[in-house]
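Letters A, B, ... are given to chains in the order of the sequence lines, protein chains preceding strands, and every chain is numbered from 1. Remember, it's a predicted structure, so these values are computed and weren't measured experimentally.
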There are 2 protein chains.
Amino acid sequence: MRTQPAVECSIQRTLDLIGDRWTLLILRDLFRGVRRFSRIQEDLGIAKNLLTDRLGTLVDADIVEKVPYQDRPVRHEYRLTEKGRALSPSLLALMRWGDRYVSGGLAPTELVHDECGTRLELQPWCTTCNVPVAPTDISSRPGPGRHIGTEETRV
Amino acid sequence: MRTQPAVECSIQRTLDLIGDRWTLLILRDLFRGVRRFSRIQEDLGIAKNLLTDRLGTLVDADIVEKVPYQDRPVRHEYRLTEKGRALSPSLLALMRWGDRYVSGGLAPTELVHDECGTRLELQPWCTTCNVPVAPTDISSRPGPGRHIGTEETRV
DNA sequence: ATGAGTCAGTTTCGATTTTCAACCAACTAC
DNA sequence: GTAGTTGGTTGAAAATCGAAACTGACTCAT
């Protein structure tokens with residue numbers, strides 16, 4: 001969307017790709033199984049030219065792929081790639097925040113653990129210690145993908 | 001931002017509030033400790049009138065608060081409220097996705113577990129079973145905040 | 001084989017947003 | 001008094017968006 005020399009932040013890089021008003025909603029629909037142009041269009045109320053544009057961007061970015069579901073006439077549907085499915089935690093996090101702070105704690109839809117039916121939380125997880133990590137136990141440091149002037153950083 | 005009758009989805013409700021091109025970047029700056037109008041403005045390169053507008057929206061939504069840091073002249077800085085800080089997992093999730101899929105696995109900044117220095121992952125977590133939950137073990141169901149026609153839903 | 005319908009777009013154009021630059025107000029420091 | 005800083009506001013040009021009309025490829029019913 002924008003063309004900046006190479007931003008030193010993965011959040012910004014990500015938002016440059018999918019951070020506009022519609023794209024995350026389109027992705028939500030794809031996660032929900034709404035995969036066809038016209039279905040997405042009527043579900044979101046997005047203008048068709050914009051939907052064309054956004055889906056094109058997502059396909060170019062390899063987040064979504066266009067697969068034919070019939071010949072004669074050839075019709076396609078849009079499916080998440082592995083890269084696209086990897087956005088699941090991001091959407092889940094936004095959803096849980098909205099449940100708590102916008103929907104007043106009353107989730108319109110709940111995501112639960114299959115085995116026990118408990119509603120899921122999303123937590124930072126340490127793969128070494130195998131424990132959830134509280135925000136107070138998180139530090140940041142410059143990583144191998146170059147670094148920015150380090151400040152008090154707590155995300 | 002938009003005024004829709006009462007959308008039945010926490011993702012959409014959330015994105016209506018913070019899902020524009022700049023707001024999440026502003027919040028990222030606040031998490032990083034960049035809290036003053038002029039600092040944010042130059043860091044992001046956002047137009048000042050838009051920054052005024054977006055900060056106002058965030059303050060109205062109680063995501064950010066404006067606190068004076070000096071008198072004479074009174075100057076304010078913008079701080080995350082508890083509601084704002086609760087967006088941390090969302091930003092973290094977007095960051096981790098960007099690390100992997102946009103920055104080619106080379107994180108510009110790493111968030112690590114204080115105690116052991118391991119880079120953090122963000123995982124759905126079952127508070128009952130006390131285990132991380134894989135995407136395949138997640139189901140969805142209508143919650144108390146009203147419900148939408150249920151489809152194959154996997155977020 | 002004509003006519004209506006569906007799906008996935010493209011085109012056009014007026015309305016809205018964003019950007020960019022200039023200006024302003026309050027105060028400090030010199 | 002002059003310059004500088006911070007946190008804005010204002011207005012005009014440029015970019016983007018939204019709504020509706022139009023297209024093309026095909027099906028199905030008559």
Side-chain angles (χ1 to χ4, degrees), chain A residues 1-5 7 12 15-27 29-30 33-61 63-80 151, chain B residues 1-5 7 12 15-27 29-30 33-61 63-80 151:
Chain A
M1 287 154 184
R2 249 158 313 147
T3 324
Q4 265 175 335
V7 197
Q12 185 158 356
L15 293 176
D16 279 348
L17 213 53
I18 59 168
D20 73 285
R21 202 164 20 274
W22 291 114
T23 301
L24 282 166
L25 289 173
I26 293 168
L27 290 168
D29 271 10
L30 296 177
V34 180
R35 288 190 253 270
R36 297 190 187 170
F37 189 92
S38 54
R39 291 281 153 277
I40 299 171
Q41 197 259 317
E42 71 190 25
D43 183 61
L44 299 184
I46 183 179
K48 295 161 117 205
N49 53 350
L50 288 192
L51 181 54
T52 302
D53 182 89
R54 296 299 183 272
L55 285 171
T57 302
L58 287 171
V59 169
D60 289 349
I63 292 168
V64 161
E65 59 190 344
K66 199 173 175 175
V67 300
Y69 66 87
Q70 65 168 43
D71 309 329
R72 214 169 0 301
V74 192
R75 295 268 160 79
H76 301 87
E77 61 180 19
Y78 296 89
R79 285 176 173 276
L80 294 163
E151 291 195 62
Chain B
M1 285 155 188
R2 250 159 312 148
T3 325
Q4 265 175 336
V7 196
Q12 184 157 359
L15 293 176
D16 279 348
L17 213 52
I18 59 168
D20 73 285
R21 197 154 36 265
W22 292 113
T23 302
L24 283 166
L25 288 172
I26 294 168
L27 291 168
D29 271 11
L30 296 176
V34 180
R35 290 190 251 271
R36 296 190 188 169
F37 189 91
S38 53
R39 291 282 153 277
I40 300 172
Q41 196 258 316
E42 71 191 26
D43 183 61
L44 299 183
I46 182 178
K48 294 160 117 203
N49 53 352
L50 277 197
L51 182 54
T52 302
D53 181 273
R54 296 298 182 272
L55 285 171
T57 303
L58 287 171
V59 169
D60 290 348
I63 293 169
V64 161
E65 60 189 344
K66 197 173 175 174
V67 300
Y69 66 88
Q70 65 169 42
D71 309 329
R72 214 170 0 301
V74 191
R75 295 271 159 77
H76 300 86
E77 61 180 18
Y78 296 89
R79 286 177 173 275
L80 293 164
E151 291 195 62

*Asks:* Between L51(B) and W22(B), is the side chain to side chain contact (heavy atoms under 4.5 Å, CB included) condition met? List the steps.
*Replies:* CA-CA 8 Å; L51(B) 182 54; W22(B) 292 113; over 6 Å; no
*Asks:* Can you tell me the distance, in whole Å, between the CD atom of E42(A) and the C1' atom of dA19(D)?
*Replies:* 16 Å
*Asks:* I need the CG-C1' distance between L44(A) and dG18(D), as an integer number of Å.
*Replies:*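 In whole Å, dG18(D) C1' lies 14 Å from L44(A) CG.
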*Asks:* Using only heavy-atom distances, decide whether a donor-acceptor pair under 3.5 angstrom links the side-chain of N49(B) to the base of dT18(C).
*Replies:* no
*Asks:* Quickly work out the H76(A) NE2 to dG9(C) P distance and round it to whole Å.
*Replies:*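 Taking atom P of dG9(C) as the reference, NE2 of H76(A) is at 8 Å.
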*Asks:* Which pairs count as salt bridge (charged side-chain N to carboxylate O under 4.0 Å, His left out) when at least one residue sits in residues 38-47 of chain A, sequence neighbours excluded?
*Replies:*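 Checked against salt bridge (charged side-chain N to carboxylate O under 4.0 Å, His left out) - neighbours excluded - the pairs reaching residues 38-47 of chain A are R28(A)-D43(A), R32(A)-D43(A), R39(A)-E42(A).
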*Asks:* Does a nitrogen or oxygen in the side chain of Y69(A) sit under 4.0 Å from OP1 or OP2 of dA8(C)?
*Replies:*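 For dA8(C), OP1 or OP2 has a side-chain N or O of Y69(A) closer than 4.0 Å.
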*Asks:* Quick one: K66(B) NZ to dG8(D) C1', roughly how many Å, whole number?
*Replies:*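 Taking NZ of K66(B) and C1' of dG8(D), I get 9 Å after rounding.
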*Asks:* OP1 or OP2 of dT17(C) versus the side-chain N and O atoms of R21(B): is any pair under 4.0 Å?
*Replies:*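 The answer is no; no side-chain N or O of R21(B) sits under 4.0 Å from OP1 or OP2.
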*Asks:* Does Y78(B) put a side-chain nitrogen or oxygen below 4.0 Å from OP1 or OP2 of dG8(D)?
*Replies:*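 Yes, because at least one side-chain N or O of Y78(B) sits under 4.0 Å from OP1 or OP2 of dG8(D).
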*Asks:* With a 4.5 Å heavy-atom cut-off, do F37(B) and H76(B) have their side chains touching?
*Replies:* no
*Asks:* Which of these passes salt bridge (charged side-chain N to carboxylate O under 4.0 Å, His left out) with R54(B): D29(B), D20(B), D60(B)?
*Replies:* D20(B)
*Asks:* Can a donor-acceptor pair be found, under 3.5 Å and without considering hydrogens, that links the side chain of Q70(B) to the backbone of P73(B)?
*Replies:*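 Such a contact is found between Q70(B) side chain and P73(B) backbone.
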*Asks:* To the side chain of K48(A), which of dA21(D), dC20(C), dG18(D) is closest?
*Replies:* dA21(D)
*Asks:* Taking only side-chain N and O atoms of W22(B), does any of them lie within less than 4.0 angstrom of OP1 or OP2 on dT17(C)?
*Replies:*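 No, because none of the side-chain N or O atoms of W22(B) sits under 4.0 Å from OP1 or OP2 of dT17(C).
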*Asks:* Would you tabulate the nitrogen or oxygen pairs shorter than 3.5 Å linking the protein to nucleotides 25-30 of chain C?
*Replies:*
{"unit_1": "dC27(C)", "atom_1": "O3'", "unit_2": "R72(B)", "atom_2": "O", "d": "3.2"}

*Asks:* Just how far, in rounded Å, is P of dT18(C) from CD1 of I46(B)?
*Replies:*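 Those two atoms, CD1 and P, are 9 Å apart.
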*Asks:* List the residues meeting side-chain hydrogen bond (donor to acceptor under 3.5 Å, both in side chains) with Q41(A), not counting sequence neighbours, and say none if there are none.
*Replies:*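 side-chain hydrogen bond (donor to acceptor under 3.5 Å, both in side chains) check on Q41(A) returns nothing, list empty.
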*Asks:* Nearest whole angstrom, please: distance from the C1' of dT10(C) to the CG of L55(A).
*Replies:* 15 Å
*Asks:* So, is R54(B) near the phosphate of dT18(C), with a side-chain N or O under 4.0 Å from OP1 or OP2?
*Replies:*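 Result: yes.
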*Asks:* Would I18(A) and L58(A) satisfy side chain to side chain contact (heavy atoms under 4.5 Å, CB included), going step by step from the backbone distance to the final call?
*Replies:* CA-CA 8 Å; I18(A) 59 168; L58(A) 287 171; 4.2 Å; yes
*Asks:* For Y69(A), does the six-membered ring have the charged nitrogen or CZ of R35(A) within the cation-pi criterion, i.e. under 6.0 angstrom from the centroid and within 45° of the normal?
*Replies:*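 R35(A) over Y69(A) ring: no.
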*Asks:* Looking at residues at least two apart in the chain, or sitting in another chain, which of them share a salt bridge (Lys or Arg N to Asp or Glu O under 4.0 Å) with R75(A)?
*Replies:* none
*Asks:* Mind checking T52(A) for me? I need base, sugar-phosphate or nothing, with any heavy atom below 4.0 Å counting as a touch.
*Replies:* base
*Asks:* Does the side chain of L27(A) reach to within under 4.5 Å of the side chain of V64(A), using non-hydrogen atoms?
*Replies:*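 Yes, their side chains come closer than 4.5 Å.
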*Asks:* Taking five pairs at each end of the helix from dA1(C)-dT30(D) to dC30(C)-dG1(D), what angle separates the two helix axes (nearest 10°)?
*Replies:* 0°
*Asks:* Rounded to the Å, how far apart are D53(B) CG and dT10(D) P?
*Replies:*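 Distance check: D53(B) CG to dT10(D) P gives 13 Å.
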*Asks:* Want to settle it: does S38(B) or G45(A) sit nearer the 5' end of DNA chain D, counting the closest nucleotide to each?
*Replies:*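 Looking at the nearest nucleotide for each, S38(B) comes out on the 5' side.
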*Asks:* In whole angstrom, what separates L50(B)'s CG from dG7(D)'s P?
*Replies:*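 Those two atoms, CG and P, are 18 Å apart.
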